2 protein chains.
Amino acid sequence: MPIKKKSKSEAKGNSNAHSPCAEEIRAAGLKLTPVRVKVLELLKQEHCLLTIDEIVKRLSLSEGKTKVDWTTVYRTLLTFTDAGLVTHTTLVDGALRYEYQHASHEDHHHHHHVSCKKCGMIESIDACEIEKIQKQVEKMGFRELSHRLEFTGVCPKCS
Amino acid sequence: MPIKKKSKSEAKGNSNAHSPCAEEIRAAGLKLTPVRVKVLELLKQEHCLLTIDEIVKRLSLSEGKTKVDWTTVYRTLLTFTDAGLVTHTTLVDGALRYEYQHASHEDHHHHHHVSCKKCGMIESIDACEIEKIQKQVEKMGFRELSHRLEFTGVCPKCS
DNA sequence: ATTCGAAATGACAATGATTTGCATTCACTC
DNA sequence: GAGTGAATGCAAATCATTGTCATTTCGAAT
């Protein structure tokens, strides 16, 4: 049965271990599993923010045989968030979106987003200084721009 | 039964009609009902953003006898939104919040918000120029400030 | 390579939030 | 004041998210 049977460590271990994500998952102190690799790979390759819905659907579509469970994806994302591998935010549409957190920018790196009123597409903007951003966004060809700025902090009462 | 009985038009019609909100509701082409008046009054007097949960609870507490139905509040807010009387946004916490839309500033008026990481309190900021806002927020006594800026517009593809 | 314990997974149930359907009540016009 | 269509309240349906638990899998130690 050499053709049919591959040991599990071969069949899955290989494909997992060869992914560039594998190292990161291990480095974060997490077990290396197929689902985790797939989720992280997806978030990494997709440069924009993804909803859970989008993640589950893309993972289900990409490989016919592997159907990923919603519960598992929820938990995986929670685990990744706790481990600092991904972050999540809520944009104006109210949907919670997950995003790969590039290790190199770990600490204070934050960026902003432009979303399209019509198609809902979301792009990220690297600059942080606000005026520059506005220009940058315009150069990207966006029209009818409006913006939303939200501060978060500790109020006087809570200080 | 003069004490017990008031005709409906007296009992409700009066209190409704005398509210400063009544006129606005009529002006928007909507029927004048007790629930609508109460919801709009609440949103108007509360200067900050309210979740549906908060709206229902405050209306239920304020007047013992009148219990407002969740469904009705949902529909009332939808109606108001369609009519342009209120607007809704989602802040970082992901909760959908409703806000009275001042008629006088109708068109391009927009403002920003500061929310407290700890107590969740939300205040609105009238200025729009971003640097001024940052200063203003600091003067309000907020600490550990971080901010989020989000643009919305039409992307090149959709133009 | 095999075994073992702990953790991850997937199927399903449970919860919570929001929406829908429908019968009743109410606001507004005549 | 009566009639009509819309608004309301209740119950049931739907959708998203979380919890439970038996089974499977990972990774360390043999």
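Lettering of chains follows the sequences in order, A, B, ..., and the numbering in each one begins at 1. Here the structure is a predicted model, which is why all the values come from computation and not from measurement.
Here the options are A/Leu32, A/Leu40, A/Val39, A/Leu85, the test is side chain to side chain contact (heavy atoms under 4.5 Å, CB included), and the partner is A/Cys21; only A/Leu40 passes.
In this structure, CH2 of A/Trp70 is placed 17 Å from P of D/dG19, rounded to the nearest angstrom. In this structure, CG of B/Leu32 is placed 12 Å from C1' of D/dA7, rounded to the nearest angstrom. Atom CG in B/Leu78 sits about 15 Å away from atom C1' in D/dT8, given to the nearest Å. Per the geometry, CG belonging to A/Asp69 stands 6 Å off P belonging to C/dA11, to the nearest Å. Here the P atom of nucleotide D/dG27 and the CG atom of A/Leu30 are 10 Å apart, to the nearest Å. Per the geometry, CG belonging to B/Leu96 stands 14 Å off C1' belonging to C/dT19, to the nearest Å. Here the C1' atom of nucleotide D/dA7 and the CZ atom of B/Phe80 are 12 Å apart, to the nearest Å. Following rounding to the nearest Å, B/Ile25 (CD1) and C/dA27 (P) show an atom-to-atom distance of 12 Å.
When every heavy atom of A/Cys116 is checked against every heavy atom of B/Val154, the shortest pair comes out as SG-CA, 4.0 Å. Nearest approach of A/Lys44 to A/Tyr100, heavy atoms of both residues: CE-OH, 3.5 Å.
Contact annotation for A/Thr79: no contact, since no heavy-atom pair falls under 4.0 Å across all strands. Residue A/Arg75 is in base contact, counting any heavy-atom pair closer than 4.0 Å across all strands shown.
Nucleotides of DNA chain D nearest to B/Thr71 and B/Arg36 differ in position, and the one nearer the 5' end is that of B/Arg36.
Expressed to the nearest 0.5 Å, how far OG of A/Ser115 lies from CD of A/Glu123 amounts to 10.5 Å.
In this structure, B/Thr87 and B/Thr81 have side chains that are not in contact, with every pair of non-hydrogen atoms separated by 4.5 Å or more.
For B/Thr72 and D/dG9, the shortest distance from a side-chain N or O to OP1 or OP2 is below 4.0 Å. OP1 and OP2 of D/dA7 both lie 4.0 Å or more from every side-chain N or O belonging to B/Thr76.
The side chain of A/Tyr74 lies closest to D/dT18 when the candidates are D/dT18, C/dT9, C/dA11.
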